[in-house]
Q: 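Below you will find the structure I want to go over with you.
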Amino acid sequence: MESEGDLTKKENIEERLSAKEYEKASEELIKQFPLEWQEDMHDDLVEIDEDDEEGLKDFYLALKERFEKRDDAIKQKFSAYGKEERYFKDHLPPGLTKELLERNSKEYQELIKDIASDEYKKAGEGLSAIVKIKEAGEKQEGLVSRVCFKNIVRYENYKNDNSIKQELKLQNECLKIKIPGNRCRVPKPYYYYMDKYTHFCAMEYIDGGTVQEILDEEKPLPEGFETDKFFNDVLEYLEEMHKRKIYHRDLHKGNIMLEFKGSDPVIIDFGKSIDANVGYTEDPYKEGGSYLNDIEALKGMRTEMISFINKKKGG
Ligand SMILES: Nc1ncnc2c1ncn2[C@@H]1O[C@H](COP(=O)(O)OP(=O)(O)OP(=O)(O)O)[C@@H](O)[C@H]1O
Ligand SMILES: [Mg+2]
């Protein structure tokens with residue numbers, strides 16, 4: 001721990017820097033962040049006038065704080081991880097062999113370090129992760145379109161959540177749920193990779209939109225969408241999960257998707273979920289924090305969807 005005196009001393013040294021020096025120090029610091037963020041950070045930096053000493057200093061200090069927070073989080077969360085990976089071979093769709101997935105995962109690992117690359121396009125983004133799919137076309141080299149890669153980018157949020165391994169394990173567990181006539185499901189896990197610096201996974205890509213995107217009209221509501229069928233299926237699925245003592249706990253509008261083909265509901269993102277079979281759990285929503293109640297969250301979403309549809313009908 002540094003004493004306050006040390007900090008003041010540092011502050012004083014920094015105060016003496018010129019605008020140009022702050023700019024240079026910021027540039028050096030930006031290089032320490034994940035490549036995916038560097039472009040945005042750089043854009044923010046160049047927007048500041050080169051003579052604006054105060055502005056450049058504030059930018060540098062904010063960046064430094066962010067770096068230190070992130071560094072701390074990584075140290076806490078990741079120092080324990082050796083390299084670990086697993087293929088869920090039984091779930092791979094036709095055309096996606098383990099070898100192909102392996103090749104693409106390696107390529108993806110390289111490419112996520114290269115921000116300029118647009119070979120993988122964004123499917124969505126959450127508080128901890130960015131989800132990407134490989135662009136269709138020549139470069140696809142047979143990688144079936146139903147694969148997406150979830151890559152952890154905001155470690156400061158991720159550190160309190162499940163590891164990507166735990167997340168896929170829970171999804172795998174949910175795959176056992178089979179309810180006749182019910183179309184709700186979770187994306188099939190294909191692969192995960194973790195080491196001290198990188199955590200990502202590959203899973204079934206859902207061609208659809210989140211409830212949030214539908215309500216925001218960023219994605220269209222599929223023709224023939226039936227509100228009751230959709231929400232009843234999710235409810236029944238959640239009840240079955242709960243019977244098996246699996247609780248999602250983060251069922252906000254960005255974590256339920258609606259597949260364009262057939263309007264099937266898909267529950268995603270098991271980053272805050274818990275398997276209450278493991279260890280004693282009095283209240284799964286209170287265990288180690290405070291979480292969203294699955295059923296209550298779903299009810300809220302249903303109400304919003306109904307008023308959204310009514311509003312659209314009303315013109
Ligand atoms: N299997 C998938 N198929 C298609 N799109 C997906 C898939 N998984 C995630 N997405 C998209 O990526 C977004 C972010 O993914 P996810 O919710 O897993 O990340 P997160 O950072 O853990 O989110 P949160 O902010 O809820 O913690 C989703 O809201 C969705 O738009
Ligand atoms: Mg999410």
Side-chain angles (χ1 to χ4, degrees), residues 34 36-37 70 73 77 88 91-93 96 101 104-105 108 112 120-136 143-172 174-175 184-194 198-222 234 247-274 289-294 297-298 300-301:
E36 268 187 323
W37 303 352
R70 182 170 186 276
K77 175 83 182 178
F88 294 81
H91 306 327
L92 300 185
L96 181 62
L101 183 59
N104 278 276
S105 293
Y108 180 73
I112 51 178
Y120 287 81
K121 79 166 193 218
K122 196 155 96 179
E125 184 169 358
L127 291 174
S128 329
I130 292 184
V131 176
K132 287 188 169 180
I133 51 168
K134 192 162 187 185
E135 283 278 36
L143 183 73
V144 287
S145 56
R146 299 180 70 85
V147 184
C148 64
F149 296 90
K150 175 169 175 170
N151 181 37
I152 302 302
V153 288
R154 278 177 274 279
Y155 294 91
E156 56 275 40
N157 295 330
Y158 176 71
K159 79 177 162 82
N160 301 315
D161 292 354
N162 289 336
S163 70
I164 211 96
K165 169 191 181 171
Q166 289 163 318
E167 204 174 319
L168 288 204
K169 202 172 154 201
L170 285 161
Q171 269 170 246
N172 200 34
C174 287
L175 284 188
C184 185
R185 65 178 207 279
V186 302
K188 285 186 182 133
Y190 296 154
Y191 170 75
Y192 69 76
Y193 176 93
M194 304 194 296
T198 308
H199 283 209
F200 83 95
C201 67
M203 67 175 123
E204 179 188 1
Y205 169 65
I206 306 301
D207 185 22
T210 63
V211 169
Q212 183 77 67
E213 287 168 329
I214 307 274
L215 292 175
D216 291 346
E217 300 196 64
E218 284 167 22
K219 299 255 172 93
L221 186 70
V234 182
Y247 296 82
H248 186 282
R249 311 199 300 176
D250 193 22
L251 221 53
H252 61 69
K253 288 173 275 184
N255 284 341
I256 294 192
M257 293 188 73
L258 203 154
E259 204 169 23
F260 288 143
K261 197 173 141 233
S263 288
D264 292 359
V266 185
I267 300 175
I268 63 165
D269 189 1
F270 285 71
K272 290 190 170 39
S273 309
I274 190 177
S290 180
Y291 298 93
L292 286 183
N293 178 301
D294 293 350
L298 184 71
M301 249 182 269

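A quick note: this is a predicted structure, and the numbers were derived from the prediction, not measured. Whatever order the structure lists them in is the order used to number ligands and atoms, beginning at 1.
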Q: Evaluate Glu259 against Arg185 for salt bridge (Lys or Arg N to Asp or Glu O under 4.0 Å), listing each step before the verdict.
A: CA-CA 11 Å; Glu259 204 169 23; Arg185 65 178 207 279; 3.0 Å; yes
Q: For atom 15 (O) of ligand 1, what's the nearest protein heavy atom and its distance?
A: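 So the nearest neighbour among protein heavy atoms is Val131 CG2, 3.5 Å.
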Q: Tell me whether Leu127 has any N or O atom under 3.5 angstrom from an N or O of ligand 1.
A: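 Yes, Leu127 has an N/O under 3.5 Å of an N/O on ligand 1.
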Q: Has Lys219 got more than 12 heavy atoms of other residues, nucleotides or ligands less than 6.0 Å from its NZ?
A: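 Yes, NZ of Lys219 has more than 12 neighbouring heavy atoms, counting only those of other groups under 6.0 Å.
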Q: Test of understanding: given a 4.0 Å heavy-atom threshold, classify the contact between Ala129 and ligand 1 as side chain, backbone, both, or neither.
A: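 Answer for Ala129: both.
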Q: Could you tell me, atom by atom, which parts of ligand 1 come under 4.0 Å of a heavy atom of Met257?
A: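 That gives atoms 4 (C), 5 (N), 6 (C) of ligand 1.
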Q: Evaluating non-hydrogen atoms only, which member of Gln212, Lys150, Glu125, His252 is closest to atom 19 (O) of ligand 1?
A: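 Among Gln212, Lys150, Glu125, His252, the closest heavy atom to atom 19 (O) of ligand 1 belongs to Lys150.
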Q: Can you tell me the protein heavy atom closest to atom 3 (N) of ligand 1 and the distance?
A: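 Looking at atom 3 (N) of ligand 1, the protein heavy atom closest to it is Ile206 N, 2.9 Å.
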Q: Considering only heavy atoms, which of Thr210, Asp269, Val186 lies nearest to atom 31 (O) of ligand 1?
A: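 Among Thr210, Asp269, Val186, the closest heavy atom to atom 31 (O) of ligand 1 belongs to Thr210.
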Q: So, is Pro187 polar-close to ligand 1, with some N/O to N/O distance under 3.5 Å?
A: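 By distance alone, the answer is no.
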Q: Tell me, which N, O or S atom in Asp269 is closest to the Mg ion (ligand 2)?
A: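 Restricting Asp269 to its N, O and S atoms, the minimum distance to the Mg ion (ligand 2) goes to OD2.
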Q: Is there a heavy atom in Gly271 that sits closer than 4.0 Å to ligand 1?
A: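 No; Gly271 lies far enough from ligand 1 that no heavy-atom distance drops under 4.0 Å.
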Q: Considering only the protein, which heavy-atom contact is closest to atom 8 (N) of ligand 1, and what is its distance?
A: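 Here the nearest protein heavy atom works out to Ile268 CD1, 3.9 Å.
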Q: In terms of side-chain geometry, is the basic nitrogen of Arg154 or Glu125 positioned less than 4.0 Å from the acidic oxygen of its partner?
A: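 Looking at Glu125 together with Arg154, the answer is yes, because their closest N to O distance falls below 4.0 Å.
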Q: For His199 and Tyr158, does a side-chain donor sit closer than 3.5 Å to a side-chain acceptor?
A: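 Looking only at side-chain atoms, Tyr158 and His199 do form a donor-acceptor pair, the distance falling under 3.5 Å.
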Q: Taking backbone and side chain together, does Ser128 place any N/O/S atom at a distance below 2.8 Å from the Mg ion (ligand 2)?
A: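 No.
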Q: Quick one: do Asp269 and Lys150 make a salt bridge, cutoff under 4.0 Å?
A: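 Answer for the salt bridge query: yes.
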Q: Please walk me through it: do His91 and Tyr190 pass ring-ring contact (aromatic ring centres under 6.0 Å, His included)?
A: CA-CA 6 Å; His91 306 327; Tyr190 296 154; 7.7 Å; no
Q: Closer than 4.0 Å to some heavy atom of Tyr205 - which atoms of ligand 1 meet that?
A: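 Within the 4.0 Å cut-off of Tyr205, ligand 1 contributes 3 (N), 4 (C).
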Q: Would Glu204 count as being in polar contact with ligand 1, using the rule that some N or O on each side must be under 3.5 angstrom apart?
A: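 It does: an N or O of Glu204 is found under 3.5 Å from an N or O of ligand 1.
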Q: If you measure every N/O of Asn255 against every N/O of ligand 1, is any gap under 3.5 Å?
A: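 The answer is yes, given that Asn255 and ligand 1 share an N or O pair closer than 3.5 Å.
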